[in-house]
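As structure tokens, the structure follows; a few thoughts come after it.
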Protein chains: 2
Amino acid sequence: MTPNGTEAGSGRTIRAVQISCDVLRALREMDGAGVTELADRLGLSKGTVHGHLNTLHRNEFVVKDGDDYRVSLQFVDFGEHAKENVKVYDVARKETEELAEKSGEFAQFMVEEHGWGVYLHKVNGANAVKTASYVGNRKHLHCTALGKAILSELPRERVDEIVEARGLPRQTENTITDREGLYDELERIRERGIAYDDEEVLQGLRCVAAPLTGYDGTLYGAISVSGPISRMKGERYREEVPEMVQSAANVIEINAAHL
Amino acid sequence: MTPNGTEAGSGRTIRAVQISCDVLRALREMDGAGVTELADRLGLSKGTVHGHLNTLHRNEFVVKDGDDYRVSLQFVDFGEHAKENVKVYDVARKETEELAEKSGEFAQFMVEEHGWGVYLHKVNGANAVKTASYVGNRKHLHCTALGKAILSELPRERVDEIVEARGLPRQTENTITDREGLYDELERIRERGIAYDDEEVLQGLRCVAAPLTGYDGTLYGAISVSGPISRMKGERYREEVPEMVQSAANVIEINAAHL
DNA sequence: CCGGGTCGTTCGCAACTCGCGAACGGAAGA
DNA sequence: TCTTCCGTTCGCGAGTTGCGAACGACCCGG
């Protein structure tokens with residue numbers, strides 16, 4: 001059994017529950033839908049879908065808006081609880097805000113879950129930069145500075161597991177898409193203690209990230225500063241910003257020690 | 001069939017899905033738990049609970065941390081989607097921030113769902129006041145200014161339905177706990193266009209709220225300003241703040257018109 | 001170093017659930 | 001008015017699922 005599940009398929013799974021999960025995922029992706037629409041998409045009978053929606057509705061996981069069903073706001077409540085369960089959440093959140101202020105740039109905080117990188121906080125500094133990601137968004141780990149910082153502190157077999165499960169899809173022309181290249185990059189990150197993203201996600205955007213690790217080696221996540229290439233260059237990109245990120249990371253790690 | 005489901009129980013429900021929902025709710029309340037713990041609490045066999053957790057884990061709705069299971073961060077993602085589905089979310093969010101800045105107090109935005117009041121945004125003004133509620137939190141509608149503002153714009157039969165389903169539990173000694181008293185209060189709110197909470201939630205805290213309605217009568221939610229009784233009194237409490245709230249509500253309503 | 005207790009996990013079996021498909025009723029459009 | 005589309009209901013039989021017992025790993029105390 002893997003330590004932190006990303007394994008493909010094992011043990012018994014309950015068909016009815018699987019169907020409800022499929023229904024929920026479809027509702028999320030479609031931004032709401034009717035019974036017939038869902039039944040067609042999922043290859044199920046209308047009666048079946050209706051039964052599932054009815055059960056989910058009683059449990060307040062979906063809302064009914066006329067004849068359309070949508071994912072309910074109870075997910076916000078559950079999500080908030082999930083965030084609170086992240087050990088360093090409160091400290092990291094506060095420190096991310098400070099990092100944004102100090103740098104004047106865009107600061108973010110990410111953790112790993114199920115082999116994905118999940119954004120948990122994002123703060124605009126004085127010079128706002130728009131990004132497509134939102135809090136709760138799940139992204140591949142290999143193609144952002146934050147994700148690579150996280151991967152760099154995971155044991156090799158876990159990295160393999162994640163690559164196996166999630167793949168290394170190309171994001172831009174700078175994306176690392178082969179396993180060897182990833183290993184090399186992670187090694188460089190471990191040496192520096194800092195991960196870079198040089199226009200790998202978005203043209204003209206650079207990002208500097210540091211992993212957050214406990215003294216016992218546990219990995220908490222990563223924090224970063226992103227900004228346009230016009231401001232992120234030279235000594236600022238190589239020294240100044242990395243030091244700010246590193247020192248914020250240290251503060252979080254120290255505060256995490258007595259939790 | 002009710003227009004916006006709060007009805008008790010009708011139609012077929014799927015037992016396996018019901019069990020998984022119970023498991024998720026229990027996990028949320030217990031902040032994570034093991035198989036045996038859950039089985040005892042829910043009156044199910046260990047094997048059954050394990051099967052459900054396994055299915056939920058495959059679908060990434062729970063995380064496994066050693067032998068404990070917890071609600072996953074995927075709920076954050078789903079929650080974000082649910083928020084985006086709220087029509088006035090973006091406008092209301094922005095206007096809530098502005099309201100906090102103008103008033104210097106604590107501003108909030110709430111919508112109704114499944115007979116609950118759900119906080120969707122909260123902003124601290126210059127003079128921060130701590131409150132227990134968080135974004136995504138679900139509260140009874142009858143015991144806050146925001147909730148009463150919402151109820152005041154709902155048709156009477158829907159109010160009855162909600163009272164039937166959720167009850168009128170006492171929060172403080174000022175809580176309205178009988179149906180007649182509630183009707184009277186809602187009538188006063190409709191006359192003024194403004195709902196007050198005079199230490200009904202927390203001693204020393206006052207709140208001023210306005211409902212958000214479309215021109216066709218649809219109800220979007222409510223926004224409010226809360227502050228300590230020391231600052232919320234006299235003309236400021238009766239005129240100044242209500243006008244600020246009202247005008248913010250108008251901006252939202254105007255922007256909502258062309259959506 | 002051993003043994004009792006705990007835990008998560010697996011598995012076979014029987015009961016009953018649940019997915020199907022057809023039929024119904026209402027709403028909207030031609 | 002007739003057609004079509006939708007959500008909803010319902011009976012039936014295949015097969016899913018919940019149970020309980022058994023297993024193996026782990027921890028702790030003796």
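Lettering of chains follows the sequences in order, A, B, ..., and the numbering in each one begins at 1.
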Under 4.0 Å between a side-chain N or O of [X] and OP1 or OP2 of [N]?
{"X": "A:Tyr69", "N": "D:dT8", "value": "yes"}
{"X": "B:Thr36", "N": "C:dT6", "value": "no"}
{"X": "B:His50", "N": "C:dT9", "value": "yes"}

Using the side chain to side chain contact (heavy atoms under 4.5 Å, CB included) criterion, which residues pair with [X]? Sequence neighbours excluded.
{"X": "A:Glu164", "answer": "A:Arg179"}
{"X": "A:Thr13", "answer": "B:Asn54, B:Thr55, B:Arg58"}
{"X": "A:Asn137", "answer": "A:Tyr119, A:Ser133, A:Tyr134, A:Lys139"}
{"X": "B:Asp67", "answer": "none"}

Pairs touching residues 143-155 of chain A that satisfy salt bridge (Lys or Arg N to Asp or Glu O under 4.0 Å), sequence neighbours left out: A:Lys148-A:Glu185, A:Lys148-A:Glu200
Pairwise salt bridge (Lys or Arg N to Asp or Glu O under 4.0 Å) hits with a residue in residues 33-51 of chain A, at least two apart: A:Glu29-A:Arg41
Basic-acidic side-chain contact under 4.0 Å: A:Glu60, B:Arg166: yes
Please report, rounded to the nearest Å, how far the [atom2] atom of [N] is from the [atom1] atom of [X].
{"X": "A:Asp68", "N": "D:dC5", "atom1": "CG", "atom2": "P", "result": "18 Å"}
{"X": "B:Asn54", "N": "C:dG8", "atom1": "CG", "atom2": "P", "result": "14 Å"}
{"X": "A:Asp65", "N": "D:dG7", "atom1": "CG", "atom2": "P", "result": "13 Å"}
{"X": "A:Glu37", "N": "D:dG7", "atom1": "CD", "atom2": "C1'", "result": "13 Å"}

Nucleotide-resolved protein contact map, nucleotides 14-30 of chain C, B/S/- at heavy-atom distance under 4.0 Å: ---SSBBB---------
Axis-to-axis angle between the two ends of the helix from C:dC1-D:dG30 to C:dA30-D:dT1 (five base pairs per end, rounded to 10 degrees): 40°
Touch class at under 4.0 angstrom, heavy-atom based, for B:Gly51 against every strand present: nothing
Residues in ring pair (Phe, Tyr, Trp, His ring centres under 6.0 Å) contact with A:His140, at least two apart in sequence or another chain: A:Trp116, A:His142
Set of residues satisfying ring pair (Phe, Tyr, Trp, His ring centres under 6.0 Å) with respect to B:Phe61, sequence neighbours excluded: B:Phe75, B:Phe78
Under 3.5 Å, which donor-acceptor pairs do the side chains of residues 87-96 of chain B form with other protein atoms, sequence neighbours left out?
unit_1: B:Tyr89; atom_1: OH; unit_2: B:Arg93; atom_2: NH1; d: 3.0
unit_1: B:Thr96; atom_1: OG1; unit_2: B:Ala92; atom_2: O; d: 2.5

CD-CG distance between A:Glu112 and A:Leu146, expressed to the nearest 0.5 angstrom: 13.0 Å
Close approaches to DNA chain D from residues 21-32 of chain A, in residue order (heavy atom, under 4.0 Å): none
